[in-house]
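Chain A is the first sequence line, chain B the second, and so forth, proteins listed ahead of strands; every chain is numbered from 1. Bear in mind that the values here come from a model prediction, so they are computed numbers and not experimental data.
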2 protein chains.
Amino acid sequence: MKTNLKIRVQALGDPTRMAIFERLEQGPLPVGEIARGLPVTRSAVSQHLKILKHVGLVTSQRAANRQIYRIDADGVAGLRDYFDRFWQESLQAFKHAAEKSSREKSR
Amino acid sequence: MKTNLKIRVQALGDPTRMAIFERLEQGPLPVGEIARGLPVTRSAVSQHLKILKHVGLVTSQRAANRQIYRIDADGVAGLRDYFDRFWQESLQAFKHAAEKSSREKSR
DNA sequence: ACTAACGGTTAGTGAAGACTAACCTTAAAA
DNA sequence: TTTTAAGGTTAGTCTTCACTAACCGTTAGT
């Protein structure tokens with residue numbers, strides 16, 4: 001399982017994978033259930049799930065005949081933290097710019 | 001400016017756009033400066049910036065001859081909140097599953 | 001006015017990758 | 001044991017889209 005954050009974003013960049021991901025927000029589902037309602041074949045869904053699993057966004061678990069997929073909370077937490085850092089840094093940059101601007105106005 | 005969160009993820013799904021985005025984490029930059037150090041032409045960078053701006057991840061501002069691009073903190077906050085929701089929901093689902101499992105073990 | 005540097009736009013091309021169809025294994029039910 | 005349904009894999013096709021090259025307008029300096 002890759003832990004690189006960028007390839008997780010890349011994985012979710014595909015609309016179908018994003019749809020699968022959002023489908024799993026409701027709760028764990030077997031492959032066939034995920035494919036039902038999506039405009040692609042079960043084969044395509046299976047390939048997408050392989051990628052999502054590989055990048056650490058979902059996990060799977062056998063139940064007899066079925067493979068149950070669910071969202072990997074840790075993987076999602078990584079993404080959240082990643083964007084949180086960007087948010088904080090850009091906010092700080094904005095604050096600096098604002099202060100500088102007000103300094104220039106007051107002279 | 002589109003406010004749809006999915007297309008922001010889609011926008012960052014491209015490696016070059018992600019590189020541009022991370023480049024802007026250091027601080028605001030003009031187009032030419034961004035292109036310098038990237039393995040693509042300035043034209044490509046300009047097209048990518050157009051997309052990033054369109055989905056609300058960066059903003060731009062003229063300074064005479066130059067276009068200064070910077071990260072849009074609000075846009076990034078949207079992404080963070082989006083993944084935070086997934087994280088919370090999947091964590092809760094995991095907790096439910098764990099409780100159910102321990103109940104079944106204890107009987 | 002001319003020149004140089006900036007950035008955006010367009011058309012056309014090439015490569016990456018999403019998709020289907022056909023196949024396989026495995027597990028449970030008949 | 002045969003059948004049925006599950007899911008994964010592969011080869012091949014086709015579409016999407018990232019990229020370059022050539023162009024344009026704009027601004028500042030000479």
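- At D:dT9, one or more side-chain N or O atoms of A:Lys50 fall inside 4.0 Å of OP1 or OP2 (strictly under the cut-off).
- Side chain of A:Ser43, nearest nucleotide from D:dT20, D:dT9, D:dG7: D:dT9.
- At whole-Å resolution of the value, CD1 in B:Ile68 and C1' in D:dT27 are 14 Å apart.
- Taking atom CD of A:Gln10 as the reference point, atom P of D:dC17 lies 14 Å away to the nearest angstrom.
- Separating the CG atom of B:Asp14 from the C1' atom of D:dC17 is a distance of 9 Å, rounded to the nearest angstrom.
- On the nucleic acid side, DNA chain C has its first and last nucleotide under 4.0 Å of a heavy atom of chain B at C:dA5 to C:dT10, going 5' to 3'.
- Of the candidate nucleotides D:dG7, D:dT27, D:dC19, D:dT27 has the atom nearest to the side chain of B:Asn65.
- Atoms CD (A:Gln67) and C1' (D:dT9) sit 14 Å apart, rounded to a whole Å.
- Distance B:His54 NE2 to D:dC17 P: 14 Å, rounded to the nearest Å.
- Here CG of B:Leu79 is found 11.5 Å from CG of A:Asp84. Values are rounded to the nearest 0.5 Å.
- Counting only heavy atoms from C-beta outward, the side chains of A:Val31 and A:Arg42 approach each other to under 4.5 Å.
- Defined by atom type and a distance below 3.5 Å, a donor-acceptor pair is present between the side-chain atoms of A:Lys53 and A:Ser60.
- In this structure, CD in B:Glu22 is found 4.0 Å from NZ in A:Lys6, a value given to the nearest 0.5 Å.
- For D:dT20, one of the phosphate oxygens OP1 or OP2 lies less than 4.0 angstrom from a side-chain nitrogen or oxygen of B:Thr41.
- Rounded to whole angstrom, the span from the CD atom of A:Gln47 across to the P atom of D:dG8 amounts to 11 Å.
- The distance from atom CZ of A:Arg62 to atom C1' of D:dA6 is 9 Å, rounded to the nearest whole Å.
- Note that the CG atom of A:Asp14 and the CD atom of B:Gln10 stand 8.0 Å from one another [nearest 0.5 Å].
- Going from atom CZ of B:Arg66 over to atom P of D:dG29 covers 11 Å, rounded to whole Å.
- Aromatic rings of A:Phe21 and B:Phe86 (six-membered ring for Trp) have centroids within the 6.0 Å cut-off, being under it.
- Both A:Ala64 and A:His48 sit near DNA chain C, but only A:His48 has its closest nucleotide nearer the 5' end.
- When heavy atoms are screened at a 4.0 angstrom cut-off, A:Ala44 is found touching base atoms of the nucleic acid.
- Interface remark: the A:Ser46 side chain does not form any donor-acceptor pair with the D:dT9 base, using a distance-only criterion of under 3.5 Å.
- Residues A:Leu24 and A:Tyr69 approach most closely at CD2-O, 3.4 Å, considering heavy atoms.
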